[in-house]
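Contents: one structure, followed by commentary.
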Amino acid sequence: MARAGFNSYHGFDTGPMPPGFGPAQPFGVPQYPAFFGAPAPQGFGWPPPPPYPGFPQQPMFMPPPPYGGFGMGGMTFPTVAPFTDHGFPGIHLRNHTGGVGLPPGYDYAFPQEHCKIHVFKTKEKPWQTTMFKEDSSTHVKLFVPTGTTVKELMQNLGCTNEDAKKNILYEVVEAGNGQWKVGAKFVGDDKDKVKKAISEYGWRGDRTGHPGEKPIVWLWVTKDGQ
């Protein structure tokens, strides 16, 4: 049988094992099974030490939001305004409360066809400077229903000057190497042109920009009559 301990002056320790020391650790290395919730091994005729006291923990409960989270009695309130709309108020859905987004419990029936439209948000006119389409900081990307009228699109893009002739929308066309050319031009007071749907000007769902397909529509707008 392995002895419990040894030193050069007294020799082997022939006494019994102290409490909490087992035959697997005969040379005096203490065991701490109570720290891990396991029972201490039985010593040589000694009772096991009492388990280490645990610390009771109070369970945490979070109360559910009242009325499903929609205010008292299911009332709806305007949501927090978005951080930015890039100066284009129409890119966020406004509901009947004046808030942003759908009212609680409502889904949205989307139009069947949309056109991919990229809108420059720079003060400089694209055809008067160099702007690479790969630079996402110069424009926003929109998915616009093709049934939208030009007037509605202009208003959604911030052309809200009361003097209609100062609200102008330009279609711009890529010329390569960061250069652009002016395409179609729409002025707010041209009622016959702006009342038509954008699909009548070829801005349809086939403007994907994919290889072999029609290019994406690019626009620049102003409400200052430039």
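What you see below is based on every heavy atom in this structure, not just the backbone, and it leaves out hydrogens, waters and symmetry mates.
Minimum heavy-atom separation, Val172 to Trp180: CG2-CE3, 4.1 Å.
Ring geometry, Trp203 versus Tyr201: the interplanar angle falls from 30° to 60°, so the pair is classed tilted. Using a 30° and 60° split on the angle between ring planes, His139 and His118 fall in the parallel class, below 30°.
Under a 3.5 Å cut-off, the side chain of Glu113 and the backbone N or O of Gly205 do form a donor-acceptor pair. Checked by atom type and distance alone, the side chain of Trp127 never pairs as donor or acceptor with a backbone atom of Val173 at under 3.5 Å. With Asn95 contributing its side chain and Gly101 its backbone, the two residues share a donor-acceptor pair below 3.5 Å. Distance alone, capped at 3.5 Å, places no donor-acceptor pair between the Gln128 side chain and the Lys125 backbone. The backbone N or O of Lys214 sits nowhere less than 3.5 Å from a side-chain atom of Arg207 that would complete a donor-acceptor pair. The main-chain N or O of Ala164 is never found under 3.5 Å from a side-chain atom of Asp189 such that the two would form a donor-acceptor pair.
Salt bridge status for Glu174 with Lys133: present, with a side-chain N to carboxylate O gap under 4.0 Å. A salt bridge is defined here as a Lys NZ or Arg NE, NH1 or NH2 lying under 4.0 Å from an Asp or Glu carboxylate O, and Asp163 with Lys165 meets this definition.
Residues Met154 and Val140 share a single hydrophobic cluster, defined by chaining ILVMFWY side chains whose heavy atoms lie under 4.5 Å apart. By the rule that hydrophobic residues join a cluster once side-chain heavy atoms approach within less than 4.5 Å of another member, Met131 and Trp218 end up as members of one cluster.
Contact annotation: the side chain of Glu124 approaches that of Thr129 to within less than 4.5 Å [non-hydrogen atoms, C-beta and beyond]. By the 4.5 Å heavy-atom criterion applied to side chains, Leu153 and Leu219 are counted as neighbours. Side chains of His114 and Val144 form no contact here, defined as non-hydrogen atoms less than 4.5 Å apart. Ile168 has its side chain out of reach of Val221: every pair of non-hydrogen atoms, C-beta onward, lies at least 4.5 Å apart. Contact annotation: the side chain of Cys115 never approaches that of Arg204 to less than 4.5 Å [non-hydrogen atoms, C-beta and beyond].
Taking the ring axis of Phe186 as reference, the NZ or CZ atom of Lys193 stays within 45° of it and closer than 6.0 Å to the ring centre.
With Ile198 as the partner, the side chain to side chain contact (heavy atoms under 4.5 Å, CB included) test is satisfied by one option alone out of Val217, Ile117, Thr149: Ile117.
In this structure, Lys223 places its NZ atom where only 12 or fewer heavy-atom neighbours from other residues, nucleotides or ligands lie under 6.0 Å away. Remark: Gln112 CD is loosely packed, at most 12 non-hydrogen atoms of other residues, nucleotides or ligands lying under 6.0 Å away.
Rounded to the nearest 0.5 Å, atoms CG (Asn177) and CZ (Phe132) are 5.0 Å apart. A distance of 6.5 Å separates CG of Leu142 from CG of Leu157, quoted to the nearest 0.5 Å.
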For this session: Could you walk me through whether Tyr108 and Tyr106 pass ring-ring contact (aromatic ring centres under 6.0 Å, His included), step by step?
Result: CA-CA 7 Å; Tyr108 186 74; Tyr106 281 82; over 10 Å; no
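When only modelled atom types and interatomic distance are considered, Thr160 and Gln155 share no side-chain donor-acceptor pair under 3.5 Å.
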